[in-house]
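Notes to accompany the following structure.
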Amino acid sequence: MRIGVIGGGAWGTALAQTAAAGGEVLLWARSGDVVAAINHGHENPAYLPGVALSPAITATADIADMAACEAILAVTPAQHLRSVIARLPGGTAPLILCAKGIEAGTRLLMSEVAAEIRGHAPIAVLSGPSFAHEVAAGQPTALTLACDDDAVGARLAARLARPAFRLYRSSDVVGAEIGGAVKNVLAIACGVVEGMALGQNARAALISRGFAEMTRFGIARGARVETLVGLSGLGDLVLTCSSMRSRNFSLGVGLGQGARAADLLADRRTVAEGAYTAPVLLAAAAAAGVEMPIVTAVCALIEGAADVREVVGTLLARPLRAGED
């Protein structure tokens with residue numbers, strides 16, 4: 001099975017490297033420099049420096065070349081997914097979504113966006129705790145591969161999985177997507193805690209309360225609890241909320257240290273998805289009747305509507321409640 005990868009950033013390149021262990025991979029990138037570096041030097045120094053790429057990976061700047069692929073990994077920022085996959089050539093090759101977010105304006109999950117454009121093709125979601133450099137280096141990683149067609153999911157898992165790249169199959173596409181989208185927003189909040197030097201107790205509390213928000217929203221959107229407590233939910237949340245390698249966490253650190261969101265986002269080569277997901281998630285939660293105070297706080301910081309200490313003070317001043325709901 002020839003695999004196509006849409007996106008020449010760190011994560012797209014890392015997934016291409018893993019998939020290349022099992023056969024040919026065609027990677028599409030916007031940048032001609034990235035395409036040339038992969039084809040001539042077997043490297044992607046712009047996004048994944050220091051990693052020698054498999055010669056089984058070929059890069060292209062022409063998305064029409066994806067017609068030759070039997071399955072396609074879509075590794076583009078969430079807010080650009082619609083425009084990119086709309087350019088794909090026709091066909092019934094399964095589309096594996098690797099972006100984590102909710103589309104602005106429509107409030108659609110990535111699978112719902114893909115279904116509007118390529119409803120004729122099977123859709124799967126790949127999500128879980130994973131830093132691109134570790135995956136590319138062959139370090140042990142476990143992810144959720146969600147697909148509502150069991151036969152397609154089994155075929156994709158057999159092609160993509162490696163001994164150090166374990167894929168756990170699920171039929172809960174919605175649950176896998178919600179975990180990935182919400183954790184990015186919560187990682188910004190955890191970064192704020194780090195940036196303000198509020199301590200490990202505060203971070204642990206925020207992760208647990210944030211997971212409660214994720215669960216409430218996920219259930220309201222039809223996700224299964226067992227998915228949310230798995231790799232694509234709690235697992236990804238813990239990783240992303242604990243390391244400066246996370247773009248969302250590092251953005252939060254900057255906010256916690258007093259920087260403006262607009263300045264931090266303007267200075268980034270890569271996308272901190274949580275910054276764009278936060279307002280969409282908050283609107284979707286309100287429509288579903290779900291309260292998400294941590295997400296509300298992150299939105300206030302991203303929009304510059306409140307000072308970071310004011311936002312944290314508001315969270316600490318919330319009324320005391322019984323239980324863990």
Side-chain angles (χ1 to χ4, degrees), residues 1-77 80-81 84-85 87-99 110 114 118 121-128 130-145 147 152-167 169 270:
M1 181 188 295
R2 191 183 195 193
I3 297 294
V5 176
I6 304 174
W11 188 220
T13 306
L15 288 173
Q17 176 81 333
T18 300
E24 292 184 25
V25 175
L26 179 65
L27 183 147
W28 173 82
R30 293 181 183 275
S31 167
D33 290 341
V34 169
V35 171
I38 291 174
N39 287 338
H40 302 304
H42 301 298
E43 60 179 350
N44 186 348
Y47 293 100
L48 206 62
V51 176
L53 299 178
S54 167
I57 301 172
T58 302
T60 181
D62 187 353
I63 203 167
D65 291 340
M66 289 289 137
C69 298
E70 298 165 87
I72 299 171
L73 294 160
V75 198
T76 61
H80 298 287
L81 180 73
V84 172
I85 65 174
R87 297 169 56 197
L88 281 172
T92 58
L95 187 65
I96 304 117
L97 305 174
C98 306
M110 297 297 96
R118 293 180 67 82
I123 294 169
V125 169
L126 182 66
S127 189
S130 49
F131 285 143
H133 279 79
E134 293 186 14
V135 171
Q139 293 184 288
T141 301
L143 303 175
T144 296
L145 178 66
C147 183
V152 171
R155 191 164 71 251
L156 293 174
R159 171 60 179 84
L160 296 172
R162 311 304 303 167
F165 190 73
R166 294 184 60 81
L167 299 181
R169 287 165 47 211
T270 55

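Between Q17 and the options L48, V25, V51, a side chain to side chain contact (heavy atoms under 4.5 Å, CB included) holds for only V51.
Remark: R169 CZ is packed, more than 12 non-hydrogen atoms of other residues, nucleotides or ligands lying under 6.0 Å away.
Once rounded to the nearest 0.5 Å, the distance linking CD1 of I123 with CD1 of I85 reads 7.0 Å. Here CG of L156 is found 9.5 Å from CG of L167. Values are rounded to the nearest 0.5 Å. In this structure, OG1 on T76 lies 8.5 Å from CG on L97, to the nearest 0.5 angstrom. Here R118 contributes atom CZ and L95 contributes atom CG; the two are 6.0 Å apart, rounded to the nearest 0.5 Å.
Side-chain atoms of R166 never come within 3.5 Å of backbone atoms of P140 as a donor-acceptor pair (strictly under, hydrogens ignored).
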Discussion item. As a quick check of understanding, evaluate side chain to side chain contact (heavy atoms under 4.5 Å, CB included) for T141 and F131, giving each step before the final call.
Written reply: CA-CA 9 Å; T141 301; F131 285 143; over 6 Å; no
Worksheet entry | Check against side chain to side chain contact (heavy atoms under 4.5 Å, CB included), L15 and L160 | CA-CA 9 Å; L15 288 173; L160 296 172; over 6 Å; no
Discussion item. Please determine whether side chain to side chain contact (heavy atoms under 4.5 Å, CB included) holds for the pair R162 and V135, giving the CA-CA distance in whole Å, both sets of side-chain angles, and the decisive distance to 0.1 Å.
Written reply: CA-CA 11 Å; R162 311 304 303 167; V135 171; over 6 Å; no
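Across R30 and R87, no two heavy atoms sit closer than the pair NH1-NH1, 4.0 Å. Taking both residues in full, the closest heavy atoms of L26 and A59 are given as CD1-C, 4.5 Å, listed atom of the first, atom of the second, then distance. The two residues A61 and W28 come nearest to each other via the heavy atoms O-NE1, 3.2 Å. Between G23 and A56, the closest heavy-atom pair is O-CB, 3.8 Å. Across G91 and A121, no two heavy atoms sit closer than the pair O-CB, 4.2 Å. Of all the heavy atoms in L27 and G12, the pair that sits closest is CD1-O, 3.9 Å.
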Under 3.5 Å donor-acceptor pairs involving side-chain atoms of residues 63-74, not counting sequence neighbours:
| unit_1 | atom_1 | unit_2 | atom_2 | d |
| --- | --- | --- | --- | --- |
| D65 | OD2 | T60 | OG1 | 2.6 |
| E70 | OE2 | R2 | N | 2.7 |

